[in-house]
Amino acid sequence: MNAPATTEPPVVVIGAGPVGLAAAAHLVDQGVEPLVLEAGRRAGAAVREWSHVRLFSTWGEVVDPAADKLLAPTGWTRPDPATYPSGGDWADLYLQPLADVLGDRVRYGATVTGVSRAGRDRIVDADREQQPFVVHVAHSDGREERLFARAVIDASGTWATPSPAGGSGLPALGEKAAADRITYRVPDLKDPAVRARYAGKHTAVIGSGASAFTALAYLADLAKSDDGSDTKGVWILRRGISGSTFGGGEADQLPARGALGLAAKAAVDEGHADAVTGFRTEAIERDADGRLVLVGEDGRRPDPVDEVIVLTGFRPDLSFLDELRLGLDERLQAPVELAPLIDPNQHSCGTVYPHGHRELSHPESGVYLVGMKSYGRAPTFLAMTGYEQVRSVTAAIAGDLASADRVELTLPETGVCGGAGLFDAPDAQEADGGCCAPAPRLVRLGAPATVGAADEQASAGGCCGS
């Protein structure tokens, strides 16, 4: 005689990336059944799109403890914890094996198109919390499905919704029309077709974070290669040059992150990039030769470029959660209790306070945004933050509030300032540990003395320290 099927619906996890799969591993460890819905064809689909980029965190910092515990009996060999994986390494050597261990609990080609309460739109109060969640799924073969869940953990990230070039948060005028010359990803210059696109060309890089550093360093390497003669970068910064512009350098507690900033600084010191500071893009036009001209809100028009790489951050896609009652900060689109802890207007550098299920909760009980998506538009997320988030959240779902409330997290000092908050203002000054910047100006960063002069305008200490 077959045992009766359980009537308890699973916890639906949206996304089979690092944090989504960690959430599933923690749920299994708690004795709670997960169901992971992944839009891509394999685990870590978004990570695979930047497989050529090396993480600035080591293997020891990007493997979740519960996942390690689940993988251990399979004979999985954990990579050297002191080494740095690329995105491809992370996906192939860790995420896919973890998804394979979870087996049928992970479904691919499954895009979540909507989440609500069964029989309740967002207006209805009556018996709302007694109803399971209903999740609508569109499968890659065209099928549609309606699933029920006891809780929903959205770890879908923000990769699919990059921020635009426009300095006001909206696409610049002409940005969509120039889509054939614009990318929102760090290019893989080891790919011959991609390399040919940028070799010998002038490319504008818009952004001030780790991704912009990477792109500048890549373009500099291309400029120094045999096939990269005349390759030039034009770095578009919404703020000025300061001691914090290139991150924490040798003082960064994540050495590879510090080295990334130093590589970008070397690229501009060696004359492989010019910089336009205090520049907020209003429009992108084409000149008579078809090259792109960036137009600033102040009317400035730097020299034409052949390509534009927009690396201004990401934002969450909240459209499929519209029938849920979410409590989100009006600026960051992060949970209201979490937002003050990560607000780039105040916390562009420094550590993130420990946080868990209470800071991640919403008026709609049982739904959590975790990982990159929990940060909304804030740029300073680390994988180990997400792992601690889901440890706490899954403990709360399992009813172990003592464990859920015992949140402990120690992060390395942040060395990269980024985002689009107050600290982006060209005249921003250091205050309460924020970043500082001199007045806007057009500079050529070909001579080390130029950068040195800018450095001297930044006061020592805090994230602006030299």
Quiz question: by atom type and distance under 3.5 Å, do the side chains of S403 and R391 form a donor-acceptor pair? yes
Under 3.5 Å side-chain donor-acceptor pair for R195 and S225: yes
With rounding to the nearest 0.5 angstrom, report the [atom1] to [atom2] distance, [X] to [Y].
X    : Y    : atom1 : atom2 : result
I309 : I182 : CD1   : CD1   : 11.0 Å
L326 : L369 : CG    : CG    : 6.0 Å
L360 : D154 : CG    : CG    : 12.0 Å
H357 : L401 : NE2   : CG    : 5.5 Å
F279 : R238 : CZ    : CZ    : 11.0 Å
S392 : H26  : OG    : NE2   : 10.5 Å

Over-ring placement of R377 relative to F314, 6.0 Å and 45° cut-offs: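 Checked: cation-pi criterion not met.
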Do [X] and [Y] touch side chain to side chain, with heavy atoms closer than 4.5 Å?
X    : Y    : result
T385 : H355 : yes
R181 : K201 : no
H362 : P335 : yes
V19  : M372 : no
R54  : D89  : yes
Y198 : T183 : yes
L219 : E307 : no
Y94  : W76  : yes

For residues [X] and [Y], report the shortest heavy-atom separation together with the two atoms involved.
X    : Y    : value
S374 : L338 : O-CD2, 3.5 Å
T312 : P164 : OG1-O, 2.9 Å
L95  : G44  : CD1-CA, 3.9 Å
A118 : F148 : CB-CE2, 3.9 Å
G327 : P363 : N-CD, 3.3 Å
E38  : A16  : OE1-N, 2.7 Å

Can you tell me how the ring of W159 sits relative to the ring of W50, calling it parallel under 30°, perpendicular over 60° and tilted otherwise? tilted
Under a 3.5 Å distance rule, please check whether [X] uses its side chain to pair with a backbone N or O of [Y] as donor and acceptor.
X    : Y    : result
T394 : L27  : no
Y184 : S163 : no
E49  : A46  : no
E33  : P10  : no

Count the heavy atoms belonging to other residues, nucleotides or ligands that lie under 6.0 Å from [atom1] of [X], then report whether that count exceeds 12.
X    : atom1 : result
Q131 : CD    : yes
K224 : NZ    : yes
R42  : CZ    : no
D104 : CG    : no

Mind running side-chain contact (heavy atoms from CB on, under 4.5 Å) on K373 and L318 for me, showing each step along the way? CA-CA 9 Å; K373 194 161 187 176; L318 301 167; 4.1 Å; yes
If the threshold is 4.0 Å, N to carboxylate O, is there a salt bridge linking [X] and [Y]?
X    : Y    : answer
R331 : D329 : yes
E8   : R150 : yes
R122 : E364 : no

Evaluate the criterion side-chain contact (heavy atoms from CB on, under 4.5 Å) for residue pair E144 and H136; output intermediate values, then yes/no. CA-CA 7 Å; E144 290 185 306; H136 282 206; over 6 Å; no
Does the side-chain contact (heavy atoms from CB on, under 4.5 Å) test come out yes or no for L55 and W90, once each step is laid out? CA-CA 9 Å; L55 281 71; W90 204 15; 3.7 Å; yes
Begin from the C-alpha positions of R48 and D92 and carry the test salt bridge (charged side-chain N to carboxylate O under 4.0 Å, His left out) through to its verdict. CA-CA 9 Å; R48 294 179 188 279; D92 289 336; 2.6 Å; yes
Between I236 and V308, is a side-chain contact (heavy atoms from CB on, under 4.5 Å) present by the stated rule, with each step listed? CA-CA 10 Å; I236 305 296; V308 176; over 6 Å; no
Name of the residue among V234, V276, I284 meeting side chain to side chain contact (heavy atoms under 4.5 Å, CB included) with L294: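 Result: among V234, V276, I284, I284 is the only option passing the side chain to side chain contact (heavy atoms under 4.5 Å, CB included) with L294.
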